[in-house]
Amino acid sequence: MAKVVLENVYKVYPGDVTAVYDANLEIQDQEFVVLVGPSGCGKSTTLRMIAGLEDISKGSIYIDGKKVNDIPPKDRDIAMVFQNYALYPHMSVYNNMAFGLKLRKYPKAEIHQRVMEASDILGITEYLDRKPKALSGGQRQRVAVGRAIVRKPKAFLFDEPLSNLDAKMRVQMRAEISKLHTSLKSTMIYVTHDQIEAMTMGDRIVVMNKGWIQQVDTPLNIYNHPANQFVAGFIGSPPMNFFPGRIVRAAKGWVFEAVGFRMPIPPHMAEKTARLEGREILMGIRPENIDDRGSRPDADPAHVVQAKVDVIEMMGAEVYLYASTGGASFTARVDAACRKQIGDPVEVVFNVEKIHFFDGVDEDAKTIL
């Protein structure tokens, strides 16, 4: 397996269109790293540059300590799994998996051994004689993964491999790919626009936006300590709520003043937020940190916000309340016992120990706390 390093990598297309800016990333041997971001953020372009399918405009890429800028894809010893599976429709599953090894003129006995080992790992041995059209989407994806496994490459690259599967199959394949990483002890780089996939699969996550790497960290650290407003809003489902407002001085310390409510700032946050007095900033809070006051009768009245219910989503064990206050909309994830209806007034309680502040109101606004 291999360590993969990107140093100051750019991708510029004709017409001076830059897809990736100054990407610096170090992926350790046997690590599972997920590149995540919205469509057009540069994540797939970055993966394709690692694979050699896109030329690098500037910078360097190293695989296993060797600079690969000018090395063709077939000589980089990596295996890529695509979104559309890219299987040969006229070949059986066995021959699809064996084809790459045959091109490299491996002995027949070794080819057979590798195909059987991979099919056993993926649970597709009974399908080896079938053609791809006789398989379900999930089975085809296993074949595509199996074709990569038999190569025993230095690194596996996955380009949105689950996008064509239904919701239930996606969950199942997420678990299978994670188990595969554990059993193969391999370096895996995985691209997705689905932040749930990123959170559940990656050892580390690389969040990208508009061609720039925004933050690289473990899923938990990115969730709890986002680098900026974009990361905070992109990671999490439902996403973080944001309220524009200002820090103002009050009789007993400092408060965040927004349209429709005022929220006291905990003493341990006051020092960092006080320097922003009067400036336009954002307060962020995740839906799970907003409770229906009916379940928190002992809540501090200073932490209560008056709102109106706009939409209700029943999720079984919990309820998503989409509400508004002072012109700002927000989402609260509350207990299923909540019996509010659309149009009802609602009192919600903010957990002020879980609020975040951002130095500005745009998506590049840096996190203060």
Side-chain angles (χ1 to χ4, degrees), residues 199 220-226 229 231-274 276-277 280-359 361 365 367-369:
M199 289 291 291
L220 194 59
N221 280 343
I222 283 183
Y223 190 81
N224 290 326
H225 307 289
Q229 189 262 341
V231 175
F234 189 81
I235 298 295
S237 181
M240 183 180 285
N241 301 294
F242 298 104
F243 299 90
R246 298 176 187 276
I247 300 294
V248 298
R249 192 185 298 271
K252 297 181 179 179
W254 298 87
V255 300
F256 175 77
E257 187 173 70
V259 177
F261 71 91
R262 300 178 104 209
M263 190 60 55
I265 295 172
H268 69 276
M269 297 183 182
E271 184 177 346
K272 287 189 176 181
T273 54
L276 301 174
E277 181 182 4
E280 197 170 13
I281 65 171
L282 285 177
M283 184 187 80
I285 184 168
R286 295 201 178 276
E288 62 268 27
N289 296 316
I290 303 177
D291 294 321
D292 172 24
R293 194 182 188 185
S295 63
R296 292 278 307 279
D298 59 340
D300 185 338
H303 302 160
V304 175
V305 172
Q306 309 289 329
K308 178 174 75 73
V309 177
D310 298 323
V311 177
I312 298 172
E313 288 185 353
M314 305 295 296
M315 305 300 292
E318 57 193 8
V319 172
Y320 294 167
L321 287 183
Y322 296 85
S324 56
T325 179
S329 298
F330 65 92
T331 308
R333 194 159 72 186
V334 301
D335 189 86
C338 178
R339 289 293 179 263
K340 294 295 181 182
Q341 302 295 321
I342 294 174
D344 284 353
V346 62
E347 291 187 326
V348 293
V349 182
F350 283 24
N351 182 350
V352 296
E353 297 299 324
K354 298 292 186 178
I355 58 179
H356 300 259
F357 289 103
F358 302 90
D359 190 3
V361 294
T367 303
I368 304 163
L369 288 168

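Counting from 1, the numbers follow the sequence of the chain as shown.
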| said: I need the minimum non-hydrogen distance between Val319 and Asp335, along with the two atoms involved. | reply: CG2-O, 4.0 Å
| field | Identified side-chain contact (heavy atoms from CB on, under 4.5 Å) partner of Trp254 from the options Glu271, Met269, Arg249 | value | Arg249
| query | Can you tell me how far CD1 of Ile265 sits from NE2 of His268, rounded to the nearest 0.5 angstrom? | reply | 10.5 Å
| What is the minimum heavy-atom distance between Phe358 and Ala232, and which atoms define it? | CZ-CB, 3.6 Å
| Looking at His303 and Pro264, what are the two nearest heavy atoms and their distance? | CD2-CG, 3.6 Å
| Close side-chain approach of Asn241 and Thr331, heavy atoms under 4.5 Å | yes
| field | Point-to-point distance, once rounded to the nearest 0.5 Å, from CD1 of Ile290 to CD1 of Ile355 | value | 11.0 Å
| message | When you compare the side chain of His225 with that of Thr367, does any pair of heavy atoms fall below 4.5 Å? | response | no
| query | If every non-hydrogen atom of Pro226 is compared with every non-hydrogen atom of Val231, which pair is closest and at what distance? | reply | CB-CG1, 3.9 Å
| Given side chains that start at C-beta, do those of Met283 and His356 come closer than 4.5 Å, heavy atoms only? | no
| task | State the CZ-CD distance between Arg296 and Glu347, to the nearest 0.5 angstrom. | result | 13.0 Å
| message | Do Ile281 and Ile247 have side chains that approach each other closer than 4.5 Å (heavy atoms only, starting at C-beta)? | response | yes
| field | ring pair (Phe, Tyr, Trp, His ring centres under 6.0 Å) involving Phe243 - partner list, sequence neighbours excluded | value | Phe261, Phe330, Phe350
| remark: Residues passing the side-chain hydrogen bond (donor to acceptor under 3.5 Å, both in side chains) test with Lys272, sequence neighbours excluded, are none
| task | Considering only NZ, NE, NH1 and NH2 on the basic side and carboxylate oxygens on the acidic side, decide whether Arg333 and Glu288 come within less than 4.0 Å. | result | yes
| request: Taking all heavy atoms of Asp310 and all of Ser324, pick out the closest pair and write down the distance. | output: OD2-OG, 3.1 Å
| query | Side-chain contact, heavy-atom cut-off 4.5 Å: Val248 with Arg262? | reply | yes
| task | Identify the two heavy atoms, one from Thr325 and one from Gln306, that lie closest to each other, and give their separation to 0.1 Å. | result | OG1-O, 2.9 Å
| query | Can you find a heavy atom in the side chain of Phe357 that is under 4.5 Å from one in the side chain of Leu276? | reply | no
| Between the main-chain N or O of Ala336 and the side-chain N or O of Arg339, is there a donor-acceptor pair closer than 3.5 Å? | yes
| said: Within the 4.5 Å heavy-atom criterion, are Cys338 and Leu321 side-chain neighbours or not? | reply: yes
| field | Inter-residue atom distance Tyr320.OH - Met314.CE, 0.5 Å rounding | value | 12.5 Å
| query | Nearest 0.5 Å, what's the NZ-CD1 distance between Lys354 and Ile285? | reply | 10.0 Å
| message | I'd like to know if the side chain of Arg286 reaches the main chain of Tyr223, judged simply by a donor and an acceptor atom lying under 3.5 Å from each other, with no hydrogens or angles considered. | response | yes
| query | With sequence neighbours left out, what residues match Tyr322 under ring pair (Phe, Tyr, Trp, His ring centres under 6.0 Å)? | reply | none
